[in-house]
Amino acid sequence: MTKLFRLLPFHRLPRHLIPVGVLILSLLLTSGVCVLLGVAARARDEARFENLVQTTSDRIQRRLDTYIALLQGTEGLFATQQEVTPEEFSAYVQLFEIQSQYPGIQGLGFTRRFSREERTRVEHQTRTALGLPGFHAWPEVPGDELHSVVMLEPRDMRNLAAMGYNMFSEPMRREAMTRARDTGLPSLTEKVTLKQEIHQDKQAGFLLYLPVYRGGHVPATLEERRERLVGFVYSPFRADDLLNGIFGTERQPRVAFQLYDGLEVGEERLLHSSHGPEALAHEPMFTTTTTLLVAGRPWTLSFSSLPAFDATASGPMVLPFSGLGVLVSLGFFLMMLAQVRARGEAEQSADGLRVALAERARVEEQLREADRRKDDFLAMLAHELRNPLAPVLTAVQLMDRKQQLGQGTEREREVVERQVHHMRRLVDDLLDVSRVTRGKIQLRKHPVDLVLLVGRAVESARPFADSREHTLRVELPRGPVWTEADPVRVVQVLTNLLHNAAKYSESGGRITLTLAREGGEAVVRVADTGMGIPAEALPHLFEPFMQVARTLERAQGGLGLGLTLVKQLVEMHGGRVEAWSEGVGRGSVFTVRLPLLPEARVPVVPVEAPAAREPSGEGRRVLVVDDNVDAAELLGEVLEMDGHQVTVVHDGTAALERMDASEPEVIFLDIGLPGMDGYEVARRIRERSGGAGPRLVAVTGYGQASDRQRSREAGFDAHLVKPVELERVRELVEDLGGSGSGASALN
């Protein structure tokens with residue numbers, strides 16, 4: 001202390017003033033320490049607030065980046081296919097489960113670009129393709145170029161209200177679309193009111209556009225981009241739904257924010273407010289404003305701290321004055337302690353920021369991987385659909401030449417039939433995966449003998465295995481192996497595994513199928529000596545669109561959906577499926593495990609198969625109605641060859657006119673007819689006959705449960721999905737019994 005006094009100018013003071021000087025110095029030191037502590041506390045609280053602001057901004061940015069990636073994937077669907085049908089678009093959107101996996105998005109849509117001269121053709125095509133007889137482009141505004149909404153999923157009441165809307169008719173939407181068209185980049189609109197706002201609870205909204213160019217890539221020049229524009233894929237958003245979907249799960253938020261469109265803050269530009277006026281009535285400790293750039297459009301975020309944040313802020317610290325030495329020592333101690341704590345919290349905030357950045361990088365990598373798989377899948381789909389088209393076209397041309405030369409065309413017809421069945425299997429795989437994913441498949445389970453089902457699967461797969469010169473060996477136990485299952489779906493699972501084994505094995509390979517009882521399970525193993533599976537691919541083998549990398553020499557086809565369907569069907573039966581391989585070139589083993597049927601439920605007497613149906617030999621009067629002239633005339637020719645009297649017409653009005661003259665017993669009626677659709681024709685036929693009359697069979701490309709229900713309500717007795725099986729057509733004509741309407745269940 002003496003040395004301290006010598007360093008300080010206390011020795012110059014009168015002796016009696018030294019205690020006063022020490023007191024003043026103590027008070028100054030105390031005040032200085034308190035100021036430093038207050039500054040440190042303020043800095044710490046401000047760092048916490050800025051961290052919350054950055055986290056909130058990042059969450060909004062990441063969510064919008066995710067939706068942009070989803071839109072880019074949808075653009076890839078349209079860019080890689082010359083024409084996307086409503087069924088394909090609906091199945092594609094349903095795979096993403098956007099209402100549960102992407103909260104806040106109102107849907108995915110496609111606007112088609114066409115001129116005013118093309119308007120009538122586009123409206124007619126959309127009405128027949130979508131089943132929306134009232135579809136039209138609106139509103140009526142001057143201009144030669146229209147961009148009407150022709151596809152929008154999901155088809156709920158809100159989205160149906162926007163169908164046909166010409167987005168080029170509204171300046172703010174047109175500005176964003178023009179910007180997207182000229183740059184080839186995603187483009188966000190200003191604040192708008194969506195056409196889906198048909199109820200009282202209207203929200204501020206915005207739309208996100210991505211251009212689709214003819215040729216599947218962004219043209220190099222501005223003139224080419226404007227000339228080759230096909231339309232836009234887009235998503236509408238309700239701002240409150242979007243932001244509540246991002247932050248609605250927070251129990252006690254600590255910051256409030258207002259989201260404004262553009263760079264200015266104003267009530268007319270407000271998109272969303274996280275809290276009501278009552279929560280913002282207090283004086284916040286911190287406020288700040290930041291800007292986000294989303295798809296070329298700036299957003300302004302205004303933040304303020306909430307009482308929950310202010311309550312945890314560091315308050316002023318009062319130091320007890322118990323002596324100069326204690327106060328100084330305690331002051332230095334508290335100052336150092338505050339600095340250590342502030343540094344620790346700063347490091348913790350930095351760690352949290354690093355974790356957030358790592359999470360963002362992981363999500364981005366997942367999005368890139370999903371986008372890569374989507375691109376691979378679309379390329380494979382195009383490849384698999386084009387492959388059978390080539391021999392079909394060649395066969396048709398050969399049939400024409402051989403008919404001119406008087407030669408037979410049996411081989412060409414076999415080629416066409418085989419390739420058409422192949423394309424149908426591809427479409428069925430897509431639809432099966434979609435139905436299983438959405439829980440639309442109902443299993444018809446009953447006690448079955450797996451030995452018999454294995455025999456059916458082997459019988460179905462053996463021709464393909466023989467064509468590749470494989471040895472197919474089957475090892476079965478003695479006696480039946482009973483389980484409760486849908487026999488059709490179990491045969492589908494086993495056939496799929498056998499086809500995969502044959503497909504990915506070199507010519508002359510060995511395939512072994514074994515069936516055994518292990519504990520309380522029936523175990524089927526399919527082993528092959530084929531290409532094997534890399535270790536890194538095993539965990540992802542049953543994911544949709546997953547395929548082990550293929551070369552041109554091993555391009556055996558497939559969409560990467562077969563194993564996904566196998567896994568889902570097996571799990572629906574209460575079982576499980578596993579894959580194992582020692583590595584590339586070492587073969588693979590797929591194991592299916594199904595629960596055995598309890599002994600008390602094993603059938604005593606096997607159920608005999610129903611007797612084969614014998615043709616009636618009686619000619620029927622048949623009316624075929626389809627605006628596809630080739631399809632109608634070919635179906636009529638088949639029925640005439642079976643000895644039936646057939647009348648063919650191509651629209652609903654002609655069908656009603658020919659009813660009295662031909663008095664048909666069976667009518668095959670297309671749904672998507674020009675003018676009067678098949679539902680209306682069916683209703684009028686039933687009204688004429690008082691609910692009875694001929695058997696009505698719907699022939700359509702729509703096969704969902706809702707489509708079958710609508711057919712039933714219109715009066716149809718049966719529902720066939722194109723392409724139809726001729727055996728089923730013959731069955732519906734020959735098995736009339738003694739009645740017409742209601743003679744067969746709607747299938």
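Numbers here are sequence positions counted from 1.
Pairs engaging residues 204-222 under the side chain to side chain donor-acceptor pair (under 3.5 Å) rule: Arg214-Glu227, Thr221-Glu224 [sequence neighbours left out]. The ring-ring contact (aromatic ring centres under 6.0 Å, His included) analysis of residues 144-178, with sequence neighbours excluded, yields the pairs Trp138-Tyr165, His147-Phe168, His147-Phe232. Evaluation of the ring-ring contact (aromatic ring centres under 6.0 Å, His included) test over residues 169-197, restricted to residues two or more places apart or in two chains, returns none.
Judged by distance alone, with hydrogens and angles left aside, the side-chain atoms of Thr300 form no donor-acceptor pair with the main-chain N or O of Tyr260 at under 3.5 Å. In this structure a side-chain-to-backbone donor-acceptor pair under 3.5 Å is missing from Arg62 to Arg360. The backbone N or O of Arg173 lies less than 3.5 Å from a partner atom in the side chain of Glu170, making a donor-acceptor pair. At least one donor-acceptor pair under 3.5 Å links the side chain of Thr189 to the backbone N or O of Leu207.
In this structure Arg269 satisfies the side-chain hydrogen bond (donor to acceptor under 3.5 Å, both in side chains) test with no other residue, sequence neighbours excluded. Scored by the side-chain hydrogen bond (donor to acceptor under 3.5 Å, both in side chains) test, Gln203 finds Asp241 as partners (sequence neighbours excluded). Considering only residues two or more places apart in sequence or on other chains, His272 meets the ring-ring contact (aromatic ring centres under 6.0 Å, His included) condition with Phe257. The side-chain contact (heavy atoms from CB on, under 4.5 Å) check on Asp156 picks up Gln99, Pro154, Arg158, Asn159, with sequence neighbours excluded. The side-chain contact (heavy atoms from CB on, under 4.5 Å) check on Thr126 picks up Val122, Leu130, Phe135, Val150, with sequence neighbours excluded. Residues passing the side-chain contact (heavy atoms from CB on, under 4.5 Å) test with Val355, sequence neighbours excluded: none. Arg225 meets the side-chain hydrogen bond (donor to acceptor under 3.5 Å, both in side chains) test with no other residue; sequence neighbours excluded. The side-chain hydrogen bond (donor to acceptor under 3.5 Å, both in side chains) search around Glu118 returns Ser115, Arg121, not counting sequence neighbours. Partners of Ser57 under the side-chain contact (heavy atoms from CB on, under 4.5 Å) rule, at least two apart in sequence or in another chain, are Val53, Thr290, Leu292, Leu301, Phe303.
With respect to Arg238, the side-chain hydrogen bond (donor to acceptor under 3.5 Å, both in side chains) criterion is satisfied by exactly one of Glu197, Gln106, Gln196: Glu197.
From Met163, atom CE reaches atom CE of Met151 across 8.5 Å, with rounding to the nearest 0.5 Å. Taking CE of Met177 as the reference point, atom CG of Leu229 lies at 8.0 Å (rounded to 0.5 Å). Distance check: Gln72 CD to Leu185 CG gives 9.0 Å after rounding to the nearest 0.5 Å. Distance check: Thr128 OG1 to Ile671 CD1 gives 13.0 Å after rounding to the nearest 0.5 Å. Thr120 OG1 to Phe114 CZ: the interatomic distance, rounded to the nearest 0.5 Å, is 9.5 Å. Taking OG from Ser235 and CG from Leu242, the interatomic distance works out to 11.0 Å, rounded to the nearest 0.5 Å.
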Just do the salt bridge (charged side-chain N to carboxylate O under 4.0 Å, His left out) check on Arg710 and Glu713 with the steps written out, would you? CA-CA 5 Å; Arg710 190 174 178 187; Glu713 293 171 352; over 6 Å; no

Taking it one step at a time, do Phe89 and Phe110 satisfy ring-ring contact (aromatic ring centres under 6.0 Å, His included)? CA-CA 10 Å; Phe89 186 66; Phe110 176 67; 7.8 Å; no

side-chain contact (heavy atoms from CB on, under 4.5 Å) between Asp627 and Asp651, intermediate numbers included: CA-CA 6 Å; Asp627 61 338; Asp651 60 73; over 6 Å; no

Evaluation steps, side-chain contact (heavy atoms from CB on, under 4.5 Å), between Trp299 and Lys191: CA-CA 10 Å; Trp299 280 355; Lys191 173 185 175 182; over 6 Å; no

Working for side-chain hydrogen bond (donor to acceptor under 3.5 Å, both in side chains), residues Gln54 and Glu50: CA-CA 6 Å; Gln54 185 62 44; Glu50 292 295 334; over 6 Å; no

Before you tell me yes or no, could you show the steps for Arg127 and Glu123 under salt bridge (charged side-chain N to carboxylate O under 4.0 Å, His left out), namely the whole-Å CA-CA distance, both residues' side-chain angles and the distance that decides it to 0.1 Å? CA-CA 6 Å; Arg127 289 169 187 163; Glu123 288 180 342; 3.7 Å; yes

Begin from the C-alpha positions of Ile98 and Leu70 and carry the test side-chain contact (heavy atoms from CB on, under 4.5 Å) through to its verdict. CA-CA 10 Å; Ile98 60 175; Leu70 176 62; 4.2 Å; yes

Is there a side-chain contact (heavy atoms from CB on, under 4.5 Å) between Val149 and Met167 once you walk through the steps? CA-CA 8 Å; Val149 180; Met167 293 201 179; 3.6 Å; yes

Full working for salt bridge (charged side-chain N to carboxylate O under 4.0 Å, His left out) between Glu190 and Arg179: CA-CA 12 Å; Glu190 300 180 29; Arg179 176 158 35 94; over 6 Å; no

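Residues Ile105 and Arg63 are not in side-chain contact: their nearest non-hydrogen atoms beyond the backbone lie 4.5 Å or more apart. At least one side-chain heavy atom of Val84 sits under 4.5 Å from a side-chain heavy atom of Leu77. Put simply, the side chain of Val233 does not reach to within 4.5 Å of the side chain of Leu108, judged on heavy atoms. At least one side-chain heavy atom of Leu208 sits less than 4.5 Å from a side-chain heavy atom of Leu71. Counting heavy atoms from C-beta on, the side chains of Asp261 and Arg297 come closer than 4.5 Å.
Checked for salt-bridge contact, Arg155 and Glu153 meet the test: a charged N lies under 4.0 Å from a carboxylate O. Arg48 and Asp45 are joined by a salt bridge, as a carboxylate oxygen and a charged side-chain nitrogen come within less than 4.0 angstrom of each other.
Of all non-hydrogen atoms in Pro298 and Gly296, the two that sit nearest each other are CD-O, 4.0 Å. Of all non-hydrogen atoms in Ser169 and Val141, the two that sit nearest each other are CB-CG2, 3.6 Å. Looking at every heavy atom in both residues, Pro253 comes nearest to His275 through CG-NE2, 3.4 Å. A pairwise comparison of heavy atoms in Ala79 and Val212 identifies N-CG1, 4.5 Å as the closest pair. Closest approach of Arg228 and Gly215 over heavy atoms only: NH2-CA, 4.0 Å. Shortest non-hydrogen contact noted between Leu146 and Ala137 is CD2-CB, 4.1 Å.
Side chain to side chain, Thr564 and Gln568 fail the donor-acceptor criterion of an N or O pair below 3.5 Å.
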